[in-house]
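Comments concern the structure below.
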Protein chains: 2
Amino acid sequence: MGLTIKEIAKLAGVSKSTVSRVINNSEHVSDEARKKVKEVVEKTGYVPSSIAKDLKNNQTDTIGVILPRINTSTFSEAVEGMSKVLYQNGYNLLLANTRLNKEDELEYLRLLKRKRVSGILFFATEITTQHQEVLEKLNIPVIILGQDVSNLLELPSVIQDDFQAAKDIVNYLIAHGHKRIAYIGVTEDDVAVGQLRKNGYQRALAENNLEVKADYFYQGGFDFSTDSGYQGMSRIIADSERLPTAVFAVTDRLAIGAMKCLREQGYRVPDDISVVGIGDTEMSSLITPELTTIRYDQFKTGELASGLLLDLIAGQDVTVKSVMDYSIIERESVKKI
Amino acid sequence: MGLTIKEIAKLAGVSKSTVSRVINNSEHVSDEARKKVKEVVEKTGYVPSSIAKDLKNNQTDTIGVILPRINTSTFSEAVEGMSKVLYQNGYNLLLANTRLNKEDELEYLRLLKRKRVSGILFFATEITTQHQEVLEKLNIPVIILGQDVSNLLELPSVIQDDFQAAKDIVNYLIAHGHKRIAYIGVTEDDVAVGQLRKNGYQRALAENNLEVKADYFYQGGFDFSTDSGYQGMSRIIADSERLPTAVFAVTDRLAIGAMKCLREQGYRVPDDISVVGIGDTEMSSLITPELTTIRYDQFKTGELASGLLLDLIAGQDVTVKSVMDYSIIERESVKKI
DNA sequence: CCCCCTTTTGGGATCGTTCCCAAATCTATT
DNA sequence: AATAGATTTGGGAACGATCCCAAAAGGGGG
């Protein structure tokens with residue numbers, strides 16, 4: 001099927017070395033030979049095989065990206081940022097989408113090694129000892145995203161300051177006069193979202209001498225859907241004898257689900273109950289009332305992580321831990337009381 | 001850096017042939033040799049290079065996906081579906097994200113050929129004669145998504161019936177008593193969204209003897225954002241002496257932008273004006289009022305297209321044109337008058 | 001113990017490039 | 001016209017796997 005450099009050489013009446021030189025724009029080729037080769041390449045539509053090249057040079061221009069799913073704004077934004085930086089620098093992007101099967105992560109790591117990718121961008125949810133072993137043996141530059149692994153691994157990571165962000169937004173509620181603040185979260189198996197943000201919530205309350213009440217606290221499973229937020233909210237409404245005045249959901253999506261529940265049960269946001277989230281998805285500014293939340297710039301995160309990876313590949317030293325900044329986006333879902 | 005099969009062979013005291021046999025679970029290896037090799041592989045963390053393998057076998061297990069952007073639900077859903085099918089069948093996914101630079105498409109086609117991918121899934125916006133030339137010379141199985149190319153190329157395509165969908169949803173408005181129906185669209189350079197959906201709108205009106213009024217008609221550029229929908233709506237409000245009773249936006253996002261504009265200008269949806277879109281993004285069911293729209297199942301589209309591509313690679317005949325079905329999702333944004 | 005048949009093993013060509021090095025050609029100077 | 005030097009050209013090894021084929025080892029039966 002595919003033409004080879006040898007056949008081009010024969011057609012052009014030169015050696016394969018000369019063809020190679022023409023293709024790679026090397027010197028030491030007569031104008032005549034160059035012209036002839038270019039003609040043949042043009043006519044035949046020959047495109048050299050990067051497989052052979054990669055084998056010879058013992059390196060690829062491919063970066064592997066491991067993530068739990070692509071159809072969510074957090075990840076697709078980040079990938080957009082990665083695309084930009086990687087392609088600008090002549091790299092390609094091999095997408096390893098685990099589709100939420102955590103066991104697949106290890107398999108994908110092996111796959112990427114087999115492919116001899118130049119580097120890996122790894123969105124980690126949870127780093128097990130098995131992960132550690134595999135990652136240590138890997139011998140390929142890796143950047144970890146979304147999870148602080150500095151105590152476990154030598155690998156550089158790019159993270160959100162989830163603890164501080166959660167604390168800040170809860171403090172924002174407190175500054176607006178709220179004292180009865182409910183929590184809607186997810187499993188603590190996800191350390192960034194499930195643990196750190198919960199800790200931030202608890203800390204903010206504690207520092208303001210507010211009680212963490214059990215009937216204001218809902219922790220779902222590994223479910224980040226609006227449904228789960230809806231669930232959590234109706235549970236809190238059902239369980240609490242006195243309604244909270246505000247709700248902190250660890251995710252915008254959960255917050256939006258909670259708002260839907262409130263609306264359906266006849267409560268007005270923010271007049272009856274204030275709601276905040278974290279994440280600033282596109283939806284958040286389009287719903288009514290617009291959601292007050294924390295914005296992480298995932299595009300920038302993707303760009304930064306890619307840049308770090310390229311540095312790492314180039315053999316440079318790299319910041320071990322990059323904490324992305326965030327900002328509170330004040331919109332309409334919080335009322336002063 | 002990377003260990004080779006030769007080194008493993010030496011460490012295990014066997015020949016590379018034997019190592020190869022063990023790795024590929026071939027027969028004709030003594031239990032003893034097998035055990036020894038497995039030990040060495042385990043201890044050293046050796047992973048064979050798929051580059052060398054691919055070169056020898058003259059084929060890869062990689063599929064290239066070309067798309068204009070990943071951070072939008074249409075594409076990320078489709079890629080999710082592709083991931084599923086491709087990985088289940090032992091293929092990998094190389095992501096070629098043009099980031100809306102249409103000129104890059106041709107370059108990516110070349111890149112994928114260089115990489116000797118086994119097949120290509122190509123989200124086309126516009127097929128130029130240059131595209132045709134390149135695609136014809138490519139000699140790699142390709143499935144075109146989102147654009148009917150049967151008159152231009154021999155390639156199988158998977159498309160949405162945009163004309164019929166637009167016609168249906170406009171007819172839905174007409175069936176609800178609407179006669180003054182505005183249009184918010186995009187440039188006709190995008191044939192599926194800009195042309196076909198517009199045609200569907202016009203045909204529906206024509207068949208019901210309704211006039212297409214210029215002051216009810218807004219056609220933006222290559223901009224699919226909510227802002228553009230907002231723009232279009234305010235333009236229509238400003239230009240028309242008598243307001244329309246309903247608005248058809250060619251995209252949910254545009255529809256949501258239009259709704260935002262209406263809300264801000266004090267109009268209630270659907271009491272004052274009804275709004276419909278096409279696409280059913282996640283937002284559409286989360287905003288208030290929930291948007292009545294057309295649902296395309298992009299995940300399924302991705303699955304189907306991947307399946308077709310694999311058939312094509314396997315040398316089977318494949319449906320030249322697959323039209324995905326859709327359904328009207330009736331929600332809250334339309335009122336009977 | 002030898003011969004034949006089966007099973008296991010290893011050597012070497014091969015895939016399509018790159019790149020080193022030596023050979024061939026060209027250019028200019030005497 | 002001969003020679004040194006510069007430029008252009010081609011041959012072949014190498015990259016790391018697969019796989020064919022021939023050689024070696026093992027196993028029974030006579």
Side-chain angles (χ1 to χ4, degrees), chain A residues 1-38 40-41 44-62 110-118 139-140, chain B residues 1-38 40-41 44-62 110-118 139-140:
Chain A
M1 179 196 71
L3 286 162
T4 73
I5 199 172
K6 228 170 169 175
E7 301 172 85
I8 301 300
K10 197 186 288 177
L11 287 171
V14 297
S15 73
K16 59 191 168 64
S17 307
T18 300
V19 176
S20 175
R21 277 186 278 259
V22 172
I23 287 169
N24 297 294
N25 275 314
S26 295
E27 309 178 312
H28 303 301
V29 181
S30 64
D31 293 345
E32 195 190 7
R34 171 158 285 148
K35 182 159 157 270
K36 191 77 189 59
V37 170
K38 281 195 167 162
V40 175
V41 167
T44 55
Y46 166 71
V47 176
S49 160
S50 70
I51 301 177
K53 180 176 178 171
D54 290 348
L55 178 61
K56 182 62 174 64
N57 299 346
N58 201 21
Q59 57 143 332
T60 64
D61 51 1
T62 302
R110 270 182 58 85
L111 167 73
L112 295 178
K113 170 140 195 182
R114 251 204 330 267
K115 294 242 159 214
R116 298 292 191 266
V117 296
S118 301
N139 212 11
I140 296 178
Chain B
M1 177 196 70
L3 285 162
T4 74
I5 199 172
K6 228 171 169 177
E7 301 173 85
I8 301 299
K10 196 186 290 176
L11 287 172
V14 297
S15 73
K16 59 191 166 64
S17 307
T18 300
V19 175
S20 175
R21 277 186 278 257
V22 173
I23 287 169
N24 297 294
N25 275 314
S26 296
E27 308 179 312
H28 302 301
V29 181
S30 64
D31 292 347
E32 194 190 8
R34 173 156 294 166
K35 182 159 157 273
K36 192 78 191 56
V37 170
K38 281 194 167 164
V40 175
V41 167
T44 55
Y46 166 71
V47 176
S49 159
S50 70
I51 302 176
K53 180 177 179 171
D54 290 347
L55 178 60
K56 181 63 172 63
N57 299 346
N58 201 23
Q59 57 141 335
T60 64
D61 52 1
T62 302
R110 269 182 59 84
L111 167 72
L112 295 179
K113 170 140 195 182
R114 252 204 330 268
K115 293 242 160 216
R116 298 292 191 264
V117 296
S118 302
N139 211 13
I140 296 177

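Sequence lines set the chain letters: A, B, ... in the order given, protein chains first and strands last, and positions in each chain run from 1. In this text the structure is predicted, and so the values were computed from the model without any measurement.
- Side-chain contact between B:I140 and B:L112 is absent, with no heavy-atom pair separated by less than 4.5 Å.
- OP1 or OP2 of D:dA17 has at least one side-chain nitrogen or oxygen of B:Y46 nearer than 4.0 Å.
- Listed nucleotides D:dT9, C:dG16, D:dA17 differ in distance to A:R21; the shortest reach to its side chain belongs to D:dT9.
- Side-chain proximity of B:H28 to the nucleotides D:dA17, C:dT7, C:dC19 is greatest for C:dT7.
- Using a 4.5 Å heavy-atom cutoff, the side chains of B:T62 and A:K115 are in contact.
- You won't find any donor-acceptor pair under 3.5 Å spanning the side chain of B:R116 and the base of C:dG16, going by distance alone.
- When rounded to the nearest whole Å, the span between CD of B:E27 and C1' of D:dC19 equals 15 Å.
- When the side-chain nitrogen and oxygen atoms of B:S20 are compared with OP1 and OP2 of D:dT18, one or more of them lie within a distance under 4.0 Å.
- Residue A:L55 contributes atom CG, which lies 14 Å from atom C1' of C:dC19 at whole-angstrom precision.
- Remark: the backbone N or O of B:T60 is paired with a side-chain donor or acceptor of B:S118 at under 3.5 angstrom.
- Nucleotides of DNA chain C nearest to B:S30 and A:K6 differ in position, and the one nearer the 5' end is that of B:S30.
- A:N57 comes within 4.0 angstrom of the backbone, heavy atoms only, and of no base.
- B:T4 comes within 4.0 angstrom of the backbone, heavy atoms only, and of no base.
- Residue contacts for A:S17: at a heavy-atom cut-off of 4.0 Å it reaches a base atom on one of the strands shown.
- The number of heavy-atom neighbours closer than 6.0 Å to CG of A:D31, taken from other residues, nucleotides and ligands shown, is 12 or below.
- What separates CG of B:N25 from P of D:dT18 is a distance of 12 Å, to the nearest Å.
- Residue A:K56 contributes atom NZ, which lies 16 Å from atom P of D:dG12 at whole-angstrom precision.
- Contact between the side-chain N/O atoms of A:S15 and the OP1/OP2 oxygens of D:dT9 is not found at any separation under 4.0 Å.
- Spacing between atom NZ of B:K53 and atom P of D:dT18 amounts to 6 Å, rounded to whole angstrom units.
- Here the P atom of nucleotide C:dG16 and the NZ atom of B:K113 are 13 Å apart, to the nearest Å.
- Here D:dC19 presents its C1' atom at 10 Å from CG of B:N24, a figure rounded to the nearest Å.
- Among the protein residues, B:A33 comes within range of the sugar-phosphate backbone only, with heavy atoms under 4.0 Å from sugar or phosphate atoms but none that close to a base.
- B:K16 comes within contact range of at least one nucleobase, with a heavy-atom separation under 4.0 Å.
- Closest approach of A:V47 and B:R114 over heavy atoms only: CG1-CG, 3.3 Å.
- Between the CG atom of B:D31 and the P atom of C:dT9 there is a distance of 10 Å, rounded to whole Å.
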